[in-house]
Structures are given as C-alpha cells and as structure tokens.
Amino acid sequence: MADIKYWIVVVDDDVANLMMAGNVMSKNGMRVTALKSGKALLEYIETKEIPDLCLLDIKMPDMNGFDTLRALRASKKGRELPVVFLTADESQQAETVGLSLGAMDFIKKPFVPEVLVLRARHIIDLVRLQKNLAHEVEVKTEENHKLFLHVVSALAAAIDAKDIYTGHSERVAKYARGIAERYGCNEHRQNNIYMMGLLHDVGKIGVPDSILQKSDSLTAEENEKLKEHPVIGAQILASIKEMPSLSHGAKYHHEHYDGSGYPDGLKLLLTVTTQ
C-alpha cells in the first residue's frame with residue numbers, strides 16, 4: 001500500500017461499472033474506493049480524508065451527478081475534491097453544466113481502460129502540481145511580506161531616531177492595529193494599518209533636526225515647517241502603488257474630526273435625521 005501514489009473514488013449505481021473501473025485502476029497500482037450513490041459519497045467525504053480524484057456517474061437515482069457535485073462544492077471538505085464525470089451522455093448541454101459546476105473533465109462510457117488510467121493519472125498530477133505551485137506562491141508571498149515589514153520597521157526606526165519621541169512610530173502602529181482588531185478588521189487589514197502606523201511620520205525626513213529635536217516651544221514659522229511633514233510623507237509613499245493606503249495614512253494622520261487638523265482641514269459631517 002505504501003507504493004500506491006493515487007487514490008480514486010468511483011461513484012456509480014451500476015455495480016458492473018464499479019467493478020470494471022475498480023479492476024482497471026487496481027491493476028495499475030491505484031487505490032480504489034467504490035460507492036453506489038452521491039449520498040454515499042457525501043457521507044464518506046465527511047468522515048474520511050480527501051481522495052486524489054472522484055470519477056462520478058451522472059445518471060443515478062435520488063441524487064444525480066450534477067446534484068452531487070453541487071453538494072460537494074457547497075461543503076467545506078468536498079469543495080477540494082477533483083471530479084471527473086463518467087457518462088454515456090455525449091450532449092453539449094451535459095458538458096456545459098458539468099464544467100460550469102467545477103468538473104475537471106468528462107470520460108465517455110464505455111471507457112477504454114488504458115485511456116481511463118492515463119487521464120486519471122494526468123489529472124491527479126495536474127492537481128498536485130497546481131497545489132504545489134499555490135503553496136510555493138503562498139510561501140514566497142509571506143517571505144516578501146516579512147521582508148517588506150522589516151524594511152518598513154527599519155525605516156520607521158530611522159525616522160524616530162531624528163525625533164525626541166523615540167519609539168513613537170512603533171507605538172502608534174501597535175495601538176492602531178489593536179484598535180483595528182477590536183473594530184473587527186481581518187488580519188490583512190490589521191497588518192496594513194500597522195504598516196500605515198509605522199510610516200505615518202516618514203515625512204519628518206524633510207523636517208530639519210533643529211525643529212524635531214528642539215526642547216523649547218516652536219516658533220510660528222517652525223511650527224508651519226513641521227506641519228509640512230504629512231504632505232512630504234504622502235509624496236514619498238505615493239510611489240508604492242501596491243499600497244496606496246500608506247500615502248493616505250501619512251497625509252491625513254493629523255486631521256481632526258472638527259476640521260481643525262491639517263493639511264486639508266478635513267471635517268467629519270454627521271447627518272442626523274428625526275422622525
């Protein structure tokens with residue numbers, strides 16, 4: 001059993017078809033599970049591991065192949081099962097319906113044993129390749145995200161090094177992510193908000209150290225110079241087209257609900273209706 005690379009479940013109400021397909025597959029080193037109805041398949045999937053492939057008959061009593069596939073795709077486990085229809089129905093309508101439901105292919109009955117085995121193997125190999133590629137993409141995406149986050153964190157630390165409020169960007173980022181979590185944002189949105197927090201003060205790169213590190217009160221002229229940092233930050237981050245929210249976060253983080261903020265003096269308008 002350890003040498004068997006393929007596991008196929010065959011669903012057909014005709015015992016002769018089950019035996020024929022089972023014998024063909026088994027002789028070619030495949031593990032075969034034979035089931036006589038769509039309902040039996042759905043029950044089997046809920047309690048067992050997912051096979052590599054399902055060969056599903058269309059014309060069955062109680063629940064036909066199309067209804068079975070609909071139920072599979074609606075279930076949490078069954079939606080991952082690759083399905084190929086075994087059918088004597090050669091109509092274009094049958095193929096259109098089956099493919100639209102997510103079937104990978106159609107194999108006509110009566111089938112040629114050698115062709116059945118080859119197509120089953122090719123489909124399983126294709127599905128495995130797709131899953132491997134998807135996993136590799138996911139791994140690389142996570143690696144790139146971590147690298148981007150490290151770069152952003154380093155840049156935030158460099159910004160904070162110019163300011164007397166050491167660690168300010170990191171604290172803002174953590175508070176912002178915590179608020180987003182409490183608000184019900186998903187993890188992806190929380191991470192974006194965290195990075196917006198880290199980079200919200202990036203525009204301070206364009207503000208002289210004599211202003212950022214001044215211990216006394218700023219003059220009116222110095223204060224106006226400091227107020228330029230949101231726009232500078234937005235311009236710096238605007239080049240990151242993949243995350244426009246970074247530029248927005250930098251530009252608008254000093255706006256106030258009452259319109260007294262800067263640079264645009266945005267104001268939250270509330271509409272109150274009475275009945």
Side-chain angles (χ1 to χ4, degrees), residues 1-140:
M1 187 66 69
D3 295 333
I4 293 179
K5 296 172 57 178
Y6 304 97
W7 176 20
I8 298 175
V9 57
V10 183
V11 183
D12 198 315
D13 63 311
D14 189 319
V15 176
N17 287 335
L18 285 178
M19 292 181 63
M20 187 181 303
N23 288 335
V24 170
M25 299 295 182
S26 298
K27 288 179 180 179
N28 285 273
M30 299 182 182
R31 173 185 173 185
V32 179
T33 299
L35 301 172
K36 293 183 64 177
S37 69
K39 182 179 180 181
L41 173 64
L42 296 174
E43 293 174 351
Y44 185 86
I45 291 298
E46 290 302 317
T47 59
K48 305 292 182 179
E49 294 182 9
I50 301 297
D52 295 311
L53 180 65
C54 174
L55 300 179
L56 179 62
D57 187 28
I58 293 180
K59 293 183 178 180
M60 297 183 293
D62 298 327
M63 178 180 283
N64 65 32
F66 295 145
D67 291 336
T68 301
L69 184 51
R70 288 189 184 95
L72 281 173
R73 294 300 179 251
S75 69
K76 185 175 182 180
K77 291 183 65 178
R79 69 170 63 106
E80 302 298 328
L81 176 62
V83 172
V84 171
F85 280 122
L86 278 177
T87 179
D89 188 347
E90 298 186 10
S91 69
Q92 183 177 350
Q93 181 182 5
E95 287 201 26
T96 301
V97 172
L99 294 174
S100 67
L101 291 174
M104 296 197 66
D105 202 355
F106 278 73
I107 297 178
K108 308 300 182 185
K109 293 193 296 185
F111 53 81
V112 178
E114 293 80 4
V115 174
L116 178 64
V117 171
L118 286 174
R119 292 179 74 174
R121 284 176 175 169
H122 289 168
I123 290 172
I124 293 172
D125 289 341
L126 175 62
V127 170
R128 288 176 176 175
L129 177 60
Q130 290 173 334
K131 288 182 178 179
N132 289 337
L133 288 175
H135 176 69
E136 288 298 320
V137 170
E138 184 177 343
V139 170
K140 291 300 180 182

- Query: Are there more than 12 heavy atoms of other residues, nucleotides or ligands under 6.0 Å from atom NZ of K48?
  - Reply: no
- Kindly indicate, with the supporting measurements, whether the criterion side chain to side chain contact (heavy atoms under 4.5 Å, CB included) is fulfilled by M30 and R121. CA-CA 9 Å; M30 299 182 182; R121 284 176 175 169; 3.2 Å; yes
- Task: Test side chain to side chain contact (heavy atoms under 4.5 Å, CB included) on L101 and R73 and set out the steps.
- Result: CA-CA 8 Å; L101 291 174; R73 294 300 179 251; 5.9 Å; no
- Query: Under 6.0 Å from the CG atom of D62, do we count more than 12 heavy atoms belonging to anything else shown?
  - Reply: no
- For a side-chain contact (heavy atoms from CB on, under 4.5 Å) with M104, tell me which candidate from I124, L99, I123 qualifies. I123
- Under the side chain to side chain contact (heavy atoms under 4.5 Å, CB included) criterion, do D57 and D14 qualify, and how do the steps go? CA-CA 9 Å; D57 187 28; D14 189 319; over 6 Å; no
- Say whether, by atom type as modelled, one donor and one acceptor occur between the side chain of N28 and the main chain of V24 under 3.5 angstrom. yes
- Item | Shortest non-hydrogen contact from L41 toward L81 | CD1-CD2, 4.4 Å
- Message: Please verify the inter-ring angle class for W7 with Y44; under 30° counts as parallel, over 60° as perpendicular, anything in between as tilted.
- Response: perpendicular
- Query: Do the charged groups of R128 and D52 touch, with an N to O distance under 4.0 Å?
  - Reply: yes
- Provide the closest heavy-atom pair for P82 versus P51 in the form atom of the first, atom of the second, distance. CD-O, 4.4 Å
- Message: Please give me the minimum heavy-atom distance between L69 and L56, naming the atom from each residue.
- Response: N-CD2, 4.4 Å
- Note on the structure: Between A34 and L18 the two heavy atoms that sit nearest each other are CB-CD2, 4.1 Å
- What is the minimum heavy-atom distance between S75 and E46, and which atoms define it? CB-OE2, 3.9 Å
- Message: Looking at every heavy atom in both S26 and V32, which two are closest together, and how far apart are they?
- Response: OG-CG2, 3.8 Å
- Task: Evaluate the criterion side chain to side chain contact (heavy atoms under 4.5 Å, CB included) for residue pair L116 and L86; output intermediate values, then yes/no.
- Result: CA-CA 10 Å; L116 178 64; L86 278 177; 4.1 Å; yes
- Message: Between T87 and K59, is there a side-chain heavy-atom distance shorter than 4.5 Å?
- Response: no
- Do the charged groups of E95 and K108 touch, with an N to O distance under 4.0 Å? yes
